[in-house]
There are 2 protein chains.
Amino acid sequence: MNVGEVAALAGVTVRTLHHYDRIGLLSPSGRTAAGYRRYSAADLDRLHQVLLYRELGFPLEEVATLLDDPSADPAEHLRRQHRLLRDRLERTRAMVAAVEKEMEARQMGISLTPQERFEVFGEHDPERYEAEVQERWGDTDAYRESSRRAAAYSKEDWVRIKGEGEDLTRRMAEALRAGVAPDSAQGMDLAEEARQQICRWFYDCPPQVHAALGRMYVEDERFTATYEKAAPGLAQWVSTAVQANAARQG
Amino acid sequence: MNVGEVAALAGVTVRTLHHYDRIGLLSPSGRTAAGYRRYSAADLDRLHQVLLYRELGFPLEEVATLLDDPSADPAEHLRRQHRLLRDRLERTRAMVAAVEKEMEARQMGISLTPQERFEVFGEHDPERYEAEVQERWGDTDAYRESSRRAAAYSKEDWVRIKGEGEDLTRRMAEALRAGVAPDSAQGMDLAEEARQQICRWFYDCPPQVHAALGRMYVEDERFTATYEKAAPGLAQWVSTAVQANAARQG
DNA sequence: TGCACAGCCTGACGCTGCGTCAGGGTCAAG
DNA sequence: CTTGACCCTGACGCAGCGTCAGGCTGTGCA
């Protein structure tokens with residue numbers, strides 16, 4: 001793809017891509033004879049990561065070191081991004097609540113103290129902080145340890161993770177064939193097992209989040225196809241089981 | 001207050017306050033004989049607004065024009081901030097969902113198309129866009145009309161708004177004294193009326209949001225005091241009614 | 001075959017929103 | 001009256017692009 005196409009796709013300007021090329025953050029993997037930049041699928045992948053980290057407030061140079069770190073596999077980036085995004089969600093929620101409180105206070109003729117007003121973004125140093133926490137944590141042994149363990153996943157444990165997942169899918173398919181109802185206790189137990197697997201290997205996945213994932217299993221045909229390959233009707237079955245399990249816990 | 005104190009309170013650096021002074025965005029209302037900046041409560045107020053708008057991605061110059069617009073009363077700023085914050089909340093939620101989808105896809109060995117990956121922040125031009133939409137809308141007649149009407153609140157209708165609020169509070173107090181249960185149909189109807197009032201005059205307030213406000217009525221002593229002044233036990237009564245009403249609708 | 005027009009290239013300068021010294025007064029405590 | 005924390009005003013620097021300028025490329029159509 002040419003710069004213009006990539007820019008349009010990613011929602012950035014051509015100048016931005018030029019800039020990323022110049023500073024070595026994202027250099028297209030090829031050029032035409034005339035010197036035109038040519039971006040490959042892998043380049044798009046990287047651009048995606050760059051934009052996510054940028055949105056999270058990381059300075060570009062740090063983004064480069066993060067993405068070039070050979071000890072960090074893709075899954076680790078996803079986990080980190082997920083964590084930071086959830087932090088931001090929390091913060092935004094707090095700010096919305098603060099504005100609503102202020103409105104309510106106005107209507108009732110109460111005026112809030114300055115401390116109250118500022119506390120929602122006090123200390124935070126808006127976006128920066130998220131990146132800094134990363135940096136700080138990056139220096140502690142504990143984090144490095146856990147991070148290294150995480151990175152080690154894709155080397156040897158990855159097989160085990162995949163195996164566990166496939167094993168569970170197989171047991172679900174068996175249950176389906178045996179006529180087990182997805183919203184029965186047994187069906188929900190299987191769904192719960194799936195949720196726990198995500199928690200253990202990937203990220204903290206509360207029932208509500210899991211329910212959203214469940215919906216995706218029937219809405220996105222590629223996920224559907226993967227389950228249908230194990231057993232016809234399994235996508236719908238799993239989706240229902242997950243929802244029922246979430247409702248049971250909620 | 002001195003610069004250092006203000007800076008600590010608001011979570012910004014002294015340099016930032018110097019900068020805001022220099023560009024005329026926020027000049028302290030006084031100076032000591034020695035030239036020290038002295039910030040008043042009104043200055044803190046303004047700083048608060050500045051930081052909110054800044055966080056929302058507005059360039060400082062635009063923040064200045066917004067805050068110096070004489071036809072914009074405080075309530076209008078709150079409504080705008082509220083709207084923009086909710087937009088951001090939505091966007092962040094979408095990004096979290098996208099990362100989760102990507103994780104799930106990885107685990108199942110599916111790979112997403114570039115289009116899919118970028119769509120969450122495609123087009124958006126991260127923060128900037130929020131401000132731009134403002135600008136664009138600011139040019140349409142419809143918006144200017146509604147905006148002017150909104151601004152007119154605090155001039156004459158403000159009395160009516162206050163009146164409506166007090167009237168409702170009085171009727172609630174009467175209900176309480178008459179022994180009406182807060183979670184009875186009558187109690188919930190009163191709560192619903194309160195919610196509608198917020199919708200009409202301030203911002204779109206779905207039942208869930210209203211429930212959160214209800215909790216505040218008993219948690220924040222100043223809100224509690226306002227209600228207790230109308231009738232002892234009213235704060236708890238209103239809170240319960242609001243929650244019941246939200247549950248009824250949810 | 002040629003040309004018009006969109007798209008690509010490489011400098012180079014500009015702008016915002018501060019961070020970061022430098023060099024020098026101020027004030028409260030001890 | 002001194003020490004250390006705090007304040008002042010320049011002045012320069014830096015990230016992350018926006019925005020020309022000046023020139024080559026590629027293609028659809030006459």
Side-chain angles (χ1 to χ4, degrees), chain A residues 1-39 43 47 50-67 121 124-132 135, chain B residues 1-39 43 47 50-67 121 124-132 135:
Chain A
M1 296 179 71
N2 281 348
V3 268
E5 301 170 315
V6 173
L9 176 62
V12 301
T13 69
V14 170
R15 179 63 174 89
T16 300
L17 294 176
H18 283 178
H19 185 58
Y20 291 172
D21 187 0
R22 178 87 59 106
I23 67 176
L25 175 55
L26 172 63
S27 299
S29 47
R31 295 266 186 150
T32 71
Y36 283 28
R37 274 166 255 257
R38 310 250 57 205
Y39 291 83
D43 295 336
L47 176 57
V50 168
L51 294 184
L52 257 174
Y53 277 126
R54 183 187 73 169
E55 170 97 19
L56 284 167
F58 286 81
L60 297 185
E61 200 183 319
E62 212 167 317
V63 172
T65 68
L66 276 173
L67 294 182
F121 45 19
H124 189 77
D125 205 348
E127 307 295 295
R128 211 56 166 227
Y129 187 64
E130 299 175 332
E132 279 186 0
E135 274 308 334
Chain B
M1 296 179 71
N2 281 349
V3 267
E5 300 169 315
V6 173
L9 177 61
V12 300
T13 68
V14 170
R15 178 64 175 87
T16 300
L17 294 176
H18 283 179
H19 185 59
Y20 292 171
D21 188 0
R22 177 88 57 106
I23 67 176
L25 175 56
L26 172 63
S27 298
S29 48
R31 293 268 188 149
T32 70
Y36 283 28
R37 275 166 256 256
R38 310 250 57 201
Y39 290 84
D43 295 336
L47 176 56
V50 168
L51 294 184
L52 256 173
Y53 277 126
R54 182 187 74 168
E55 170 96 19
L56 284 167
F58 286 81
L60 296 185
E61 200 182 321
E62 212 168 316
V63 172
T65 69
L66 277 173
L67 294 182
F121 48 18
H124 188 79
D125 207 349
E127 309 294 296
R128 213 53 167 228
Y129 188 64
E130 298 176 333
E132 279 186 358
E135 275 308 334

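Order of the sequence lines fixes the chain letters, A, B, ..., with proteins taken first and strands second; residue numbering starts at 1 for each chain.
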Discussion item. On DNA chain C, compare the nucleotides closest to Asn2(A) and Arg15(A); which residue's is nearer the 5' end?
Written reply: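 Final value for this comparison: Asn2(A).
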
d([atom1], [X]; [atom2], [N]) in whole Å:
X	N	atom1	atom2	result
Tyr36(A)	dT27(D)	OH	C1'	11 Å
Met1(B)	dC7(D)	CE	P	11 Å
Leu51(A)	dG16(D)	CG	P	13 Å

Item to complete: Would you kindly compare Val3(B) and Glu61(A) by the position of their nearest DNA chain D nucleotide and give the one closer to the 5′ end?
Response: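 Per heavy-atom nearest nucleotide, the more 5' residue is Val3(B).
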
Item to complete: With sequence neighbours left out, write down each residue that passes side chain to side chain contact (heavy atoms under 4.5 Å, CB included) with Ser27(B), or none if nothing qualifies.
Response: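 In terms of side chain to side chain contact (heavy atoms under 4.5 Å, CB included), with neighbours along the sequence ignored, Ser27(B) is linked to Asp21(B).
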
Worksheet item: Can you list the residues that meet the side chain to side chain contact (heavy atoms under 4.5 Å, CB included) rule with Ala33(A), with sequence neighbours excluded?
Response: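 None.
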
Item to complete: Considering just the side-chain nitrogens and oxygens of Thr13(B), establish if one lies under 4.0 Å of OP1 or OP2 belonging to dG17(C).
Response: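 Looking at the OP1 and OP2 atoms of dG17(C), neither is under 4.0 Å from any side-chain N or O of Thr13(B).
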
Worksheet item: What nucleotide, of dT10(C), dT9(D), dC17(D), holds the atom closest to the side chain of Arg54(A)?
Response: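 Of all the options, the side chain of Arg54(A) is nearest to dC17(D).
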
Worksheet item: Side chains of Asn2(B) and Arg37(B): do they bring a donor and an acceptor to under 3.5 Å?
Response: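 Distance-only check fails for Asn2(B) and Arg37(B).
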
Item to complete: Please name the pair of heavy atoms, one in Arg38(A) and one in Asp43(A), separated by the smallest distance, quoted to 0.1 Å.
Response: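 Shortest heavy-atom separation between Arg38(A) and Asp43(A) comes out as O-OD2, 3.9 Å.
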
Worksheet item: Any idea which heavy atoms bring Val63(B) and Arg54(B) closest together, and the distance?
Response: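 In this case the closest contact between Val63(B) and Arg54(B) is CG2-N, 4.4 Å.
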
Worksheet entry | Within residues 17-34 of chain B: residues closer than 4.0 Å to DNA chain D (heavy atoms) |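 Residues of residues 17-34 of chain B under 4.0 Å from DNA chain D: His18(B), Arg31(B).
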
Worksheet item: At what distance, to the nearest 0.5 angstrom, does OG1 of Thr16(A) lie from CG of Leu26(A)?
Response: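 Output value for this atom pair is 11.5 Å.
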
